[in-house]
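Chain A is the first sequence line, chain B the second, and so forth, proteins listed ahead of strands; every chain is numbered from 1.
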Amino acid sequence: MEATGSMNSFDHTAPFEDSLLADLTAPQREAVLHTEGPLLVLAAAGSGKTRVITRRIAHLVHIGVPAWSVLALTFTNKASGEMRHRVQSLLGDGRQTRGLTVSTFHALCARLLRKYAEVAALPGLKPDFAIYDTNDQMSLLKRVIADLSLSTSNWPPRSVLSAISNAKNELLTAEMFAARGTDFYSRSIAKIYTAYERGLRTAGAVDFDDLLLLTATMLERSSEVREDCHRRWQYLLIDEYQDTNRAQFKIASLLIGMPESTPDDGPLGGLTRGPNVCVVGDPDQAIYGWRGADISNILDFERNYPGAHVVTLGENFRSTAPILGAADALIRNNKRRKHKDLFTSRDGGDKPVVVTTRDEQHEAALVTDLLRKVRHEAQEPIGWRDMAVFYRTNSLSRVMEDALRTAGIPYTIARGTSFFEREEVRNALSYLRVVANAADDVSLSRIVNMPTRGIGGTSIDHVRAWTSERGLPLLEGMRHAGEVPDISARARTSMGAFIEMVDHWTGAGSFMGAKVSSSLSELVERVIRESGLESHYLALSKAGKSEADLERPENLAELVSSARQFENEFDPDSDPASFPGPEAAAQGRLAPVPPLLAMLRAYLESVALVADADAVDPEQGSVTLMTLHAAKGLEFKVVAVIGLEEGLLPHSRAQNSDAELEEERRLLFVGITRAMEHLQISSSRYRTIRGVPERTISSRFLEELPREHVTFSEQADPYRDSDPFGDDFGDDAAGAARPSSDRRFVSPTRSASGVGNLATGSRVRHPQFGDGVVVTVTGGMGARATVKFASVGTKTLVLQYARLAVLD
DNA sequence: TAACAGGCAGTTTTT
DNA sequence: CTGCCTGTTA
């Protein structure tokens, strides 16, 4: 109503426009109507963000902006799917949305790279690259580390991978990384990084991070590509901007035509108004810093885009006042943020409750009590589907599951093992990847002896030695098994049979001829059957050892039908590589590809870029259990957050810096703001961690919740609370950054070798490592301590064996 | 080559 | 208490 002031830049008052704006608040409207120049929308939790974004796109199209010149980027397929869907339903499914690009960052990058790889001449990158996921990355990395004769215990693939990933997110190529590191550690990482890159390229593959890094590089180097993109996209919109990393920032800058800029240059050149870039996000919900997301991108938006308009959406349409009050009070403890006044018109409502329980069983019981109570007592009955339990780590789900099961409450766990991650599905896909790309050594290694066919590790090692000398793919080596030395006759025969099988599928690489499958689904089916996977998993499921085994044959069948579905919906015209825009450069430069192979590649790409097939939507009547990370973007009438203890939330691995600590706080903030009506937060006095019951310290975040909005309830037995018997409970789960007044001691009866009073913060001396400070202690049998030594860094020691002397 | 036992480490995970 | 990796044995 009052928003007319900001509406005067144009004078559309058609009925359609009215309906686009009618039910919006003034700030929401402002965000929708600000179309030209940079715009930052700070969208608080539950403030109607998606609505604003979709209306804004619809509005752009309505005032005459061609849909094909609008590019909307999201992080998840779910978000892009929803956005596309909602825009379409606003505009009708007609021509209006033709060419509108709504995509994830990664999918966009994949399409740009495929289209322009040859134009931009990126070294070693072929347009038909495969996309490696974390699993593939790990396999490759292990190989690389072994090839460099480094040990995987000194160089754990997981941490090396995260170092490489961080580097890529920061736009550091292997060469740059090598150039800047001088110490032993980073020089070694650089070596591994370089070899890893070489491995990827020779396998004709890129990893997820490469999609971003290579796209940024390509856009930077090739003015041709850049200009193509500029001609195509005039309006850029980025969702969840607080989660962008440096590479994504760079890509956005280059796409939108910030002249020759890098993030460091700050202000852009002589543009009068600045680019039409709209970013939407909430710094208070930035929870992916550990994955390279850089909260500075959103905090510094106004500095990077001078003249940016800022709209704050602070009104919350989700939660009751006390819940919002608790969330607000908590998040105010963060320093690095942009404050937003959070408010709601939903007055009244129950206060959130903070309970302290005896142990995790007790905690779980109180959660089930809450769920049952709320279900029956509410004036409007609340269904199980409107309830959720959140926790910091997946390991906390187990006790909760037990309690729900015994209470007879239906639940579903939203967890990572999605369809395409299952072992049997991954194996089938690896076969298909070998079919699509004979150079894919990682996929080949995975399945060459799966099911076992007498081609063991040593034989493969011999072939690998032979091929790496000649720069050939592994599969080529197997083809020439006769020339490879030291291979047993049996293995040689098996390899011959394997090659014959693959050639059968690919028509010896031609993908044509009578013996080749006529359709994708037929190919998938054949591969599963003829590879022996089908009978292998059938036998396994007959044996009926585990629950998972029973499902595997079904999952393989499911894969076939997913291929069939893809095939039916596949529309070559909407192929990512074709632009409906006004340009046609670079089109038709690629060599013609057999249709089946093209289809297979498109299918494999879609599979690689779609992580969770079983999306996290609250299903038919069951309570949802999930991590706090997974909860982002969802809402439930009833929410319980469990495990509010030092070491758990904030997590013990996230207490090294204020930045990490603030992210932990945001995690709780996200959890709280999911709740619409009822919220219970709990901590437990004792918790069994890895089989050892441990005394806990309640989370510092609980003290930050305001008494006026929150009810505190002590449910732990008072007499057990004081723990006068010196029961054999070990030390706390946490400790690290806790003030020294909160030190907890390992009980003397449990500690070995005379380190009875070892506490976090103690200074100790080790016969070999010298002096150090105790960072964490775990009690019980085989008690361990993490000690930070001045000379050799942090080590975890088993107290029984490490002859530690306490210094003070 | 393949099955098995023992040792060791152990957040979160949009693509 | 788990799951994963390594090294051993049949």
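- The nearest whole Å value for the distance from the CD atom in A:Glu421 to the C1' atom in B:dT14 is 13 Å.
- Interface remark: the A:Arg291 side chain does form a donor-acceptor pair with the B:dT15 base, using a distance-only criterion of under 3.5 Å.
- Nucleic acid contact class of A:Thr452 (heavy atoms, under 4.0 Å, all strands): sugar-phosphate only.
- With distances taken from any side-chain atom of A:Thr393 to the nucleotides B:dT11, B:dG10, B:dT15, the minimum falls on B:dT11.
- Taking the ring-ring contact (aromatic ring centres under 6.0 Å, His included) definition, one finds that A:Tyr603 meets it with A:Phe566, sequence neighbours left out.
- Between A:Gln285 atom CD and B:dT12 atom P the separation is 21 Å, expressed in whole Å.
- A:Tyr537 and A:Glu423 are linked by a side-chain donor-acceptor pair at a separation below 3.5 angstrom, with hydrogens and angles left out of the test.
- A:Gly633 comes within 4.0 angstrom of no nucleic acid atom, judged by non-hydrogen atoms across all strands.
- Taking side-chain N and O atoms only, A:Thr627 has a distance below 4.0 Å to OP1 or OP2 of B:dT13.
- One atom, CG of A:Asp136, and another, C1' of B:dT15, lie 13 Å apart when rounded to the nearest Å.
- A:Arg392 contributes no side-chain N or O that forms a donor-acceptor pair with the base of B:dT13 under 3.5 Å.
- Of the inter-residue distances, the one linking A:Ile298 atom CD1 with A:Asp282 atom CG reads 7.0 Å to the nearest 0.5 angstrom.
- Note on A:Thr74: nothing from the nucleic acid sits closer than 4.0 angstrom, heavy atoms only.
- The NZ-P distance, from A:Lys78 to B:dT13, rounds to 14 Å in whole Å.
- If you check the side chains of A:Asp239 and A:Thr74, you find no donor sitting under 3.5 Å from an acceptor.
- Look at A:Asn77 and you won't find any side-chain N or O under 4.0 angstrom from OP1 or OP2 of B:dT14.
- Comparing B:dT13 with C:dC4, their P atoms are spaced 16 Å from each other, to the whole Å.
- For the pair A:Thr458 and B:dT1, the criterion of a side-chain N or O lying under 4.0 Å from OP1 or OP2 is met.
- Side chain to side chain, A:Ser459 and A:Arg492 fail the donor-acceptor criterion of an N or O pair below 3.5 Å.
- Taking atom CD1 on A:Ile251 and atom P on B:dT15, their separation rounds to 16 Å, with Å as the unit.
- The separation of C:dT6 from B:dT11, taken at their C1' atoms, amounts to 25 Å, rounded to a whole angstrom.
- The closest donor-acceptor contact from the side chain of A:Asp133 to the backbone of A:Asn135 lies under 3.5 Å.
- In this structure, A:Asp133 reaches neither bases nor backbone, as no heavy-atom distance under 4.0 Å exists between it and the strands shown.
- Residue A:Asn394 places no side-chain N or O under 4.0 Å from the OP1 or OP2 atom of B:dG10.
- Put simply, CG on A:Asn169 is 13 Å from C1' on B:dT13, counting in whole angstrom units.
- Protein atom CZ of A:Arg398 is 7 Å distant from nucleotide atom C1' of C:dT2, rounded to whole Å.
- Where stacking is scored as ring centres under 5.5 Å apart with planes under 30°, A:His106 does not register as stacked on the base of B:dT15.
- Put simply, A:Ser395 has no side-chain N or O that comes within less than 4.0 Å of OP1 or OP2 on B:dT11.
- Between A:Lys632 and the phosphate of B:dT13, there is no side-chain N or O to OP1/OP2 separation shorter than 4.0 Å.
- Both A:Asn449 and A:Glu240 lie close to DNA chain B; mapped to their nearest nucleotides by heavy-atom distance, the more 5′-ward contact belongs to A:Asn449.
- Set against B:dT11, B:dT15, B:dT13, the side chain of A:Arg158 has B:dT13 as its closest nucleotide.
- Here the separation of B:dT14 from C:dG3, taken at their C1' atoms, is 25 Å to the nearest Å.
- Residue-nucleotide stacking is not present for A:Tyr288 and B:dT12, judged by a side-chain ring centre under 5.5 Å from the six-membered base ring centre and planes under 30° apart.
- A:Glu645 contributes atom CD, which lies 5.5 Å from atom OG of A:Ser683 (distance to the nearest 0.5 angstrom).
- Across the protein-nucleic acid pair, A:Leu141 atom CG and C:dC5 atom P stand 13 Å apart, rounded to whole Å.
- Considering only the side chain of A:Trp290, B:dT12 comes nearest among B:dG10, B:dT15, B:dT12.
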